[in-house]
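To start, the structure itself, in structure tokens.
Below, each value reflects all heavy atoms present in this structure, side chains not excepted, and no hydrogens, waters or symmetry copies. Index from 1, following the sequence. Being a predicted model, the structure only gives us computed values, none of them experimental.
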Amino acid sequence: MQIKLRSYQIEAVEKINAFFWSDVNKAKIHLASGLGKSSIIISSIERILEKKKNALILILFSRRVICYQFEDAVRKVLLNVRISKNLNDSEFSNVCITTYQAFYRFRPEKLEIFDLIICDEAHFLKSEKHKILFDSSLTKYLGIMSTESYSEGWFRDVRCIYVYTLREAFNDGYFEHPNERQLVENFFVPLLSTQRFKNVQTGVLLSDYIKVDMSANKGEDIFVFEVKVYRGLYNPHSTINAALNQIISYKEALDSQPRYKKISFVIILLCKVEESFIHEVFDKYKITIWDISNIIYLCNNNNDLINSLSKYLPYSIIDIKGQVPINLSYNVGKRTSYKTKTPFAKLEYFQNKLDECQKGRNSARTYEIICTEIVNYLFHTEFTQISEQHRTGDDMFCMDLLCGLKGTTEFWKFLMRFYNTKFIVFEYKNYSDYISQNLIYTTEKYLFSMSLRNVAFIISRLGFSPNAKKAALGCLKEHGKLIISLNDEDLLKMIAIKVNGEEPSDYLLYKVENLLMSVDK
């Protein structure tokens, strides 16, 4: 099976390959969580073995379960590669996959047998016992770190050969709405053409950190367009403001560059937006908002365009009346002076918080605080009240977080309507392994139909084990109680969605829909 790599993954593989054949024996890469670390490692191994068929590579992980997952992934891709899980058998293999603990316990007499040692989560290699890893001057060492913020450990002063951050992934479109790219290509490009826009381009990079959905020309004017897709027709002001703040930050960043002085910014929000707000934004920032009623007006009764738009929207547009968009023919003139926080600040802030929180019982309270902060950031406008460490009246159960629902956006409406719930339970588990089925049954006890508490989220570092997934489905089928798994990667994706000015609960709706579609009788 061939791995299809993204552009940044290809670049990382090239850098690792160049390092392996260089005179340098120690290097590191920084790669944010959830960006395909395994694909990069496997492809790098493949490149090395193409030239050196008898190479021996040791890969060290912090947990046995990750070793098993990685081994499965390697076997699917590198069909003829000899793999060992035991250091004593490593001389007869190409790839040895084991944990740090096993390495320290059964360390080979000579590290020189390894051509390359790859250290996952290398930022945690700080204690004196890690010295034995680096005894060999003939072995190459590659440290993989999830963030650039670490200044300690055995890879502290090592040259960094590649960096790819969450911000860059965000700008490169790896956190976009599932249908957004197709929507832009198949609907908005033809729509702009009908409005006499010329030279319509998609995925336009305006600077190293700013990528917009579309750009186009109309006469001598240049327009850039950013599209935001929502699952519901109406969305909270906080969501709309987040989308606006992103465009404001783009304008602020480009303000000093003469070639961008004549650009007009258009933000397309596929939901209803108050007309007074649209005019207020235009008057203050010279940013044009097109909402769904404006888009319908621009379709001009073109059935092909209307049908194309309907295909990508989760709500009906039959009863939405077209509204003339605000006039785009204006002189930009002098720009308003304003200050706004970069939209990436929260994304990077929470990424670093999660990375710095070590897995395990000792950091359980820290993880709980981080998760509550994230839940508040994502959904505080949806909750009527929030109760941390909530105890039931009989003092039998204590829930990490209990929230009352307003039911503003589609996902929370969906839960209230179909699961008869008014309250949501959040449980946090800072486990170094996957969640077991026992925890599912424990959480199920917190849910009680008569108190309108039928839905729970279990937030953990890695998510549910296969048996836990079966147990959660059993609770759903037998008792109608919905228990949803969220891991660190899910949290970061929702933060990125919110930063991008879209609705993070839409991600949950897609997740639950996929879960429900998998349920058998």
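Val24 is linked by a side chain to side chain contact (heavy atoms under 4.5 Å, CB included) to Phe19, Ser22, counting only residues two or more places apart in sequence or in another chain. The ring-ring contact (aromatic ring centres under 6.0 Å, His included) search around Phe411 returns none, not counting sequence neighbours. For the salt bridge (charged side-chain N to carboxylate O under 4.0 Å, His left out) test, no residue two or more places apart in sequence or in another chain qualifies with Glu11. For Phe350, the ring-ring contact (aromatic ring centres under 6.0 Å, His included) partners two or more places apart in sequence, or in a different chain, are Tyr377.
A donor-acceptor pair shorter than 3.5 Å can be found between the side chains of Asp490 and Tyr507. Tyr434 and Asn487 share no donor-acceptor pair across their side chains, judged by distance under 3.5 Å alone.
Around atom CG of Asn80, no more than 12 heavy atoms belonging to other residues, nucleotides or ligands sit under 6.0 Å away. Around atom NZ of Lys15, no more than 12 heavy atoms belonging to other residues, nucleotides or ligands sit under 6.0 Å away.
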Please set out all donor-acceptor pairs under 3.5 angstrom arising from side-chain atoms of residues 59-68, sequence neighbours excluded.
from  : atom 1 : to     : atom 2 : distance (Å)
Ser62 : OG     : Glu121 : OE1    : 2.9
Arg63 : NE     : Ser432 : O      : 2.5

Show the atom names and distances, to 0.1 Å, of all donor-acceptor pairs under 3.5 Å that link a side chain in residues 38-45 to residues at least two apart or in another chain.
from  : atom 1 : to    : atom 2 : distance (Å)
Ser43 : OG     : Ser39 : O      : 2.9
Ser44 : OG     : Ile40 : O      : 2.8

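Residue Arg231 forms a salt bridge (Lys or Arg N to Asp or Glu O under 4.0 Å) with just one option from Glu502, Glu513, Glu410, Glu503, and that option is Glu513.
A tilted orientation is assigned to the rings of Trp290 and Phe225, their planes being inclined by 30° to 60°.
Taking the centre of each ring, Phe197 and Phe223 come in below the 6.0 Å mark.
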- Query: Could you walk me through whether Tyr250 and Asn245 pass the side-chain hydrogen bond (donor to acceptor under 3.5 Å, both in side chains) check?
  - Reply: CA-CA 9 Å; Tyr250 286 178; Asn245 285 335; over 6 Å; no
- Task: Verify side-chain hydrogen bond (donor to acceptor under 3.5 Å, both in side chains) between Tyr349 and Glu373, making sure each step is shown before the conclusion.
- Result: CA-CA 11 Å; Tyr349 168 77; Glu373 188 178 358; 2.9 Å; yes
